[in-house]
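A short worksheet on the structure shown next.
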Amino acid sequence: MTHHTGRGGRHIELECIHCHTRVPLDKNISGCPECGEVILEARYEFEVDITQWTAELKHRRINLWRYHEVLPIYDQTNIVSLGEGGTPLIKSRTLAANLGLKHLYIKDERQGPTGSFKDRQATVAISALKEMGVDELVVASTGNVAIAYAAYCARAGIKLWAFFPSMTPNEKMREAALYGAEVIKITGTYDQTKELAARFARQKGIFLDRGIKSVAAIEAMKTMAYEIAEQLGNEFEGGKRWRSPDWFLQAVSGGMGPIGVGKGFRELYDVGLVDKMPALGMIQASGCAPMVEAFRRGQRIATPNDNPQTFITTLATGNPGRAYELLYDYVEAHGGYFIDATDEETFNAIRVLARTDGISVEPAVGTAFAGLFKMVQQGIIKPDDVVVVNCSGHTLPVETTILGQQWQRTFDLSKRLKTPVMPEEGLLSALQHVDKVRRIVIIEDNLDAARLIERILRAHSNVEVQIATNGAEGLNLIYQFEPDMVITDLMMPDVDGFTIINNMKADPKLTQIPIVVVTAKELTAKERKQLNEQVDMLLQKGSALDDTLVENLVHKLN
Ligand SMILES: *Cc1c(COP(=O)(O)O)cnc(C)c1O
Ligand SMILES: [Zn+2]
């Protein structure tokens, strides 16, 4: 937004990010007429008093269009809206504490009308196209853009042809179809799908939203910067000023999110609403990480990946094109980092986020959080940094691919109940069984290790945990509580694990209690034999407590 006097009303132009040629906003622009650059940025010229504008904002509805002065629409009656934007900025407690971060915020873009931050792009793009009189449109997408476009096109009465690469989850294609889009599945990569969609559009003379798409995407994504600055202002400055975070993190594919957010903070900085530019943290899937690879080599141009190898379809853009250069330049100027995360790290992060902060996300967001974990571990992100992570999409359409098979407990009442009783009663008693609190005694001289085991068990099962940090205290707890399970270390001063086990096996009241041994000790053959006879499970200390292991542990309780 520039201060520009002497002109009434508002004027919108597109500026080439490469040679800075300016052209009027028009649907037929597919790139810079001078140099062919595909990324154009919107520029707004109008008279504005910033103090007055921010004061006025306080009375506007909390949604994306509250910032309509800086969005590429002339006439507000053309806005196609489903109430997008204005998503909460959720302060993380448990996850933040586990990571040792003081100010971790989650921008909850799952709460958009179709469940991802592509709703922002869709509302801006479809409104702009409606204003320009477009009534049929082709889009290529790995899922979320097409779903969002399909919903907004339905509202605007625009016919949509949605091209998907075949690896897109069926649930996502089906959702686009539900909104009335023509769904076309291409057996090939995302980049090939884009090419085919473009050819199809040319052949049929249908509008392909290429140029406008990048304008709409950038302008739409920048509203996240406006919202975050306003929300952090409320959090840190009592609403008196706006504020930038130290970091904005996002999983990237095409890169429009961080480019838009970067532009947003730039605009806010230029008019003095914020006093710093945030660093950008961009995370890619290891199997498709052309930006990360180029960044590691210190290169400003990325080498496309022609054969992405990741289950995270949303992040499968093999050729980032000019977007990477923009992001690279941003990082050079204002700081930031590119890092990758494997699919395994991603799925693990999804579970961690769900279990700590109660937020269930789509795989791409897991990648963002897996990247956050690494950046914290590597000291790139500091404990005092104010960090905002774009929680860019909801898990709902793809939930089946995240949890695998073992996610529900089934009670077959027909087998369990020998005498016919009211089904409700049977169900109730079955549920009581699930809810029964299990008592566990953990004996472990390292309190942190004990707490870790406690946390994991609590996340999986209804348990009451008693912790002893030495063997004698542990034995006391066992006699006192007669727990449902004992988890013990072997090597402890005075009363060690072997003594505890022997005592339990000698007492008829305690001999049936399952025992799990967690040890760092190299066991002799004799010790191993003895333990194999006496204990139910032997865990090597320091080995990651993965899901199968935890499942086995919990299984021993039932
Ligand atoms: C599109 C998308 C991304 C990647 O966004 P870009 O900024 O275009 O790279 C990440 N997460 C989700 C859920 C998305 O839909
Ligand atoms: Zn140009």
Side-chain angles (χ1 to χ4, degrees), residues 14-23 29-41 87 107-112 114-122 125 139-149 168-169 172 175 190 194 211 213-214 216-218 220-222 224-225 248-264 280-285 288-292 302 310 312-324 326-327 330 338 341 346 350 360-371 389-398:
L14 301 181
E15 181 178 321
C16 169
I17 54 125
H18 182 64
C19 73
H20 303 286
T21 298
R22 283 197 181 197
V23 290
I29 296 290
S30 63
C32 171
E34 290 298 322
C35 74
E37 169 61 66
V38 291
I39 299 180
L40 306 173
E41 281 192 342
T87 57
K107 183 64 173 160
D108 194 6
E109 290 294 301
R110 298 175 309 162
Q111 300 196 29
T114 73
S116 88
F117 78 140
K118 298 304 193 317
D119 286 320
R120 293 180 188 270
Q121 185 178 332
V139 72
S141 159
T142 55
N144 294 342
V145 166
I147 291 173
Y149 269 45
T168 307
K172 289 197 169 184
E175 199 179 338
Y190 177 38
K194 279 195 276 195
K213 185 171 155 188
S214 76
I218 293 171
M221 298 320 183
K222 88 178 182 192
M224 276 191 292
F248 173 83
L249 264 61
Q250 194 200 292
V252 296
S253 190
M256 286 299 153
I259 290 174
V261 166
K263 184 188 187 232
L280 292 179
M282 283 145 302
I283 304 104
Q284 294 201 291
C288 184
M291 297 194 196
V292 179
T310 171
I312 330 286
T313 338
T314 310
L315 301 180
T317 301
N319 185 359
R322 300 266 303 124
Y324 169 66
L326 296 189
L327 292 170
Y330 185 103
F338 293 83
T346 288
I350 291 171
S360 158
V361 296
E362 86 153 64
V365 182
T367 306
F369 277 88
V389 182
N390 182 0
C391 183
S392 50
H394 202 285
T395 183
L396 281 180
V398 284

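Indexing begins at 1, ligand by ligand and atom by atom, following the structure's order. Residue numbers run from 1 in the order of the sequence given.
With salt bridges taken as basic N to acidic carboxylate O contacts below 4.0 Å, one links E362 and K172.
The CD1 atom of I147 sits 9.0 Å away from the OG1 atom of T168 when rounded to the nearest 0.5 Å. Taken from OG1 in T142 to CG in L315, the straight-line distance is 7.5 Å, to the nearest 0.5 Å. The distance from the OG1 atom of T317 to the NZ atom of K194 is 5.0 Å, given to the nearest 0.5 Å. A distance of 13.0 Å separates CD1 in I39 from CG in L14, rounded to the nearest 0.5 Å. Here the straight-line distance linking atom NE2 of H394 with atom CZ of F117 works out to 16.0 Å at 0.5 Å rounding. Summarising the geometry, atom CD1 belonging to I259 is positioned 12.0 Å from atom OH belonging to Y330; distances are rounded to the nearest 0.5 Å.
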Q. Step by step, would you call T87 with D108 a side chain to side chain donor-acceptor pair (under 3.5 Å)?
A. CA-CA 6 Å; T87 57; D108 194 6; over 6 Å; no

Q. Is there a side chain to side chain contact (heavy atoms under 4.5 Å, CB included) between E109 and R120 once you walk through the steps?
A. CA-CA 9 Å; E109 290 294 301; R120 293 180 188 270; 2.6 Å; yes

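Taking 2.8 Å as the threshold, H18 does not count as a candidate ligand of the Zn ion (ligand 2), since none of its N, O or S atoms lies below it. At a cut-off of 2.8 Å, H20 does not coordinate the Zn ion (ligand 2) through any N, O or S atom.
In terms of N/O distances under 3.5 Å, ligand 1 is approached by G254. The N/O atoms of M256, backbone and side chain alike, include one that comes under 3.5 Å of an N/O atom in ligand 1.
Counting heavy atoms under 4.0 Å from ligand 1, residue T314 touches it through the side chain alone. At a heavy-atom distance under 4.0 Å, no atom of E109 approaches ligand 1.
For the ligand labelled ligand 1, residue M221 lies outside the 4.0 Å heavy-atom shell. Under a 4.0 Å heavy-atom criterion, A368 is not in contact with ligand 1.
Each of the atoms 10 (C), 11 (N), 12 (C), 13 (C) of ligand 1 lies under 4.0 Å from some heavy atom of S392. Residue A364 approaches ligand 1 through these ligand atoms, each under 4.0 Å from one of its heavy atoms: 11 (N). Within the listing of ligand 1, atoms 13 (C) sit less than 4.0 angstrom from a heavy atom of G393. For ligand 1 and V252, the ligand atoms under 4.0 Å from any heavy atom of the residue are 9 (O). Under a 4.0 Å criterion applied to the non-hydrogen atoms of P258, ligand 1 contributes the atoms 7 (O).
Looking only at heavy atoms of the protein, atom 5 (O) of ligand 1 is closest to Q250 NE2, 3.2 Å. For atom 9 (O) of ligand 1, the nearest protein heavy atom (residue, atom name, distance) is S253 N, 2.5 Å. Of all protein heavy atoms, the one closest to atom 4 (C) of ligand 1 is A251 O, 3.4 Å. In terms of protein heavy-atom proximity, atom 2 (C) of ligand 1 is closest to K118 NZ, 2.3 Å. The closest protein non-hydrogen atom to atom 7 (O) of ligand 1 is G257 N, 2.6 Å.
Around the Zn ion (ligand 2), the two atoms SG of C32 and SG of C19 are separated by an angle of 100°, to 10 degrees.
Listed here is the closest heavy atom pair of A364 and I312: N-CG2, 3.6 Å.
T314 places none of its side-chain heavy atoms less than 4.5 Å from the side chain of T367. Counting heavy atoms from C-beta on, the side chains of P290 and N319 never come closer than 4.5 Å.
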